[in-house]
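To start, the structure under review is shown below, and the notes come after it.
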Amino acid sequence: MFPRTTSALAGTAVALLAFTATPAHAAPAESAYAVAASGPVKVPRTPAVSGTGKESLLSAGLPSPGPALVTAKALTTEVRAGHAESGVTGLALNLGLLPATIPLPGLSAEAIKAECRDGKGSVSIAKLKAGAKVLDFDRVPPNTTVPVAQVVELVVNKQTKNNDGTLTVTAVSARLLGQTQTVDIASATCAKAGTPPETTTKPAADKPQPSGKAPKPTPVPAHLDVTG
């Protein structure tokens with residue numbers, strides 16, 4: 001996959017589909033996306049890359065149709081072996097679009113980035129604001145919860161170990177209206193370098209000898225996990 005760069009008008013559904021990569025086979029270990037949302041307002045993982053490659057989307061307003069819950073100046077993702085990263089610049093969340101009984105503050109940030117390298121995650125956040133309040137994050141520990149309003153909560157540097165052994169790091173995960181609505185900003189997934197995929201090998205059956213003697217045992221390679 002070659003790098004692609006394009007511009008999209010706010011609220012253009014076609015652009016979303018064009019920049020959502022869907023692997024034809026089982027997903028590789030590394031993947032990344034810049035923005036996603038679930039709940040009353042849904043946004044697919046955009047732009048999404050799995051395996052290797054780069055994607056970028058400029059001047060984006062998401063979703064479509066109508067006013068956008070999420071807008072950004074630029075969304076970028078990049079994936080290669082053992083490494084994945086995603087970034088968003090000029091982010092703004094228009095929370096006033098959500099069906100809340102109380103006023104919700106707007107959320108914005110100059111730049112947000114998530115990086116996963118060799119099974120380890122890190123994030124960088126510049127000037128994240130909730131309304132008029134600037135939230136200062138410097139070397140924030142994984143899975144730091146930050147309440148910003150009565151029904152708005154942020155999980156910063158969200159890190160999740162997946163069943164296949166990979167790590168997913170999401171720079172900012174917003175939980176809104178009691179988690180009825182979620183918005184994830186800058187997410188990257190990677191595996192630890194040099195870790196082979198888990199496979200199950202079935203040894204060939206030992207054939208009986210013509211003399212009727214017991215067959216010679218077939219050595220079977222094995223791997224023993226050592227902990228502690």
Side-chain angles (χ1 to χ4, degrees), residues 16 19-20 31-49 55-58 60-63 68-79 84-98 100 104-117 120-162 166-190:
L16 297 184
F19 284 89
T20 302
S31 62
Y33 63 90
V35 174
S38 62
V41 179
K42 296 178 174 61
V43 177
R45 295 180 173 184
T46 307
V49 176
E55 296 285 359
S56 62
L57 185 62
L58 306 180
L62 315 170
L69 172 66
V70 183
T71 60
K73 292 182 179 179
L75 311 173
T76 60
T77 52
E78 180 178 355
V79 174
E85 64 179 67
S86 61
V88 180
T89 59
L91 171 74
L93 300 185
N94 185 8
L95 302 185
L97 296 177
L98 299 176
L104 297 179
L107 292 175
S108 64
E110 284 191 358
I112 296 178
K113 181 180 178 181
E115 185 173 11
C116 189
R117 186 186 298 272
K120 297 180 180 180
S122 62
V123 304
S124 60
I125 301 172
K127 294 187 178 179
L128 178 63
K129 295 181 179 180
K133 182 180 180 181
V134 178
L135 305 176
D136 185 20
F137 296 111
D138 182 20
R139 297 182 181 179
V140 58
N143 303 310
T144 297
T145 300
V146 182
V148 297
Q150 185 175 344
V151 291
V152 180
E153 183 179 75
L154 304 181
V155 180
V156 182
N157 193 10
K158 181 180 178 181
Q159 298 195 14
T160 305
K161 286 286 187 179
N162 304 306
T166 59
L167 174 75
T168 297
V169 53
T170 303
V172 178
S173 181
R175 302 170 179 172
L176 315 169
L177 309 176
Q179 299 191 42
T180 300
Q181 177 75 53
T182 63
V183 181
D184 291 330
I185 307 297
S187 184
T189 298
C190 72

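Keep in mind that the numbers below use all heavy atoms, side chains included, and drop hydrogens, waters and symmetry copies. Numbering of residues begins at 1 and proceeds along the displayed sequence.
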Got [X] and [Y] here, is their nearest side-chain heavy-atom distance under 4.5 Å?
| X | Y | value |
| --- | --- | --- |
| L69 | L95 | yes |
| V35 | I185 | yes |
| V151 | L98 | no |
| V88 | V172 | no |

For [X] against [Y], the heavy-atom pair lying closest together:
| X | Y | result |
| --- | --- | --- |
| G87 | A34 | O-CB, 4.0 Å |
| A74 | L58 | CB-CD2, 3.9 Å |
| E55 | P47 | CB-CB, 3.7 Å |
| A114 | A186 | CB-O, 3.3 Å |
| S31 | A84 | O-CB, 3.5 Å |
| P105 | V152 | CD-CG2, 4.5 Å |

Between [X] and [Y] (side chain of the first, backbone of the second, donor and acceptor by atom type, cut-off under 3.5 Å), is there such a pair?
| X | Y | result |
| --- | --- | --- |
| T77 | Y33 | no |
| Q181 | V41 | yes |
| T170 | S187 | no |
| N143 | Q159 | yes |

Roughly how far apart are [X] [atom1] and [Y] [atom2], rounded to 0.5 Å?
| X | Y | atom1 | atom2 | answer |
| --- | --- | --- | --- | --- |
| L177 | T182 | CG | OG1 | 10.5 Å |
| L154 | S173 | CG | OG | 8.5 Å |
| S122 | E85 | OG | CD | 9.0 Å |
| L176 | E153 | CG | CD | 10.0 Å |
| I125 | L135 | CD1 | CG | 9.0 Å |
| L75 | S56 | CG | OG | 9.0 Å |

Legend entry - Between N94 and T71: side-chain donor-acceptor atoms closer than 3.5 Å: no
Inset, instruction - Verify the distance criterion only: is there a donor paired with an acceptor across the side chains of T168 and T160 at less than 3.5 Å? - result: no
Inset, instruction - Verify side-chain contact (heavy atoms from CB on, under 4.5 Å) between L167 and K161, making sure each step is shown before the conclusion. - result: CA-CA 5 Å; L167 174 75; K161 286 286 187 179; 4.2 Å; yes
Inset, instruction - Check the pair V183, L93 against side-chain contact (heavy atoms from CB on, under 4.5 Å), reporting the backbone distance first and the verdict last. - result: CA-CA 9 Å; V183 181; L93 300 185; 4.2 Å; yes
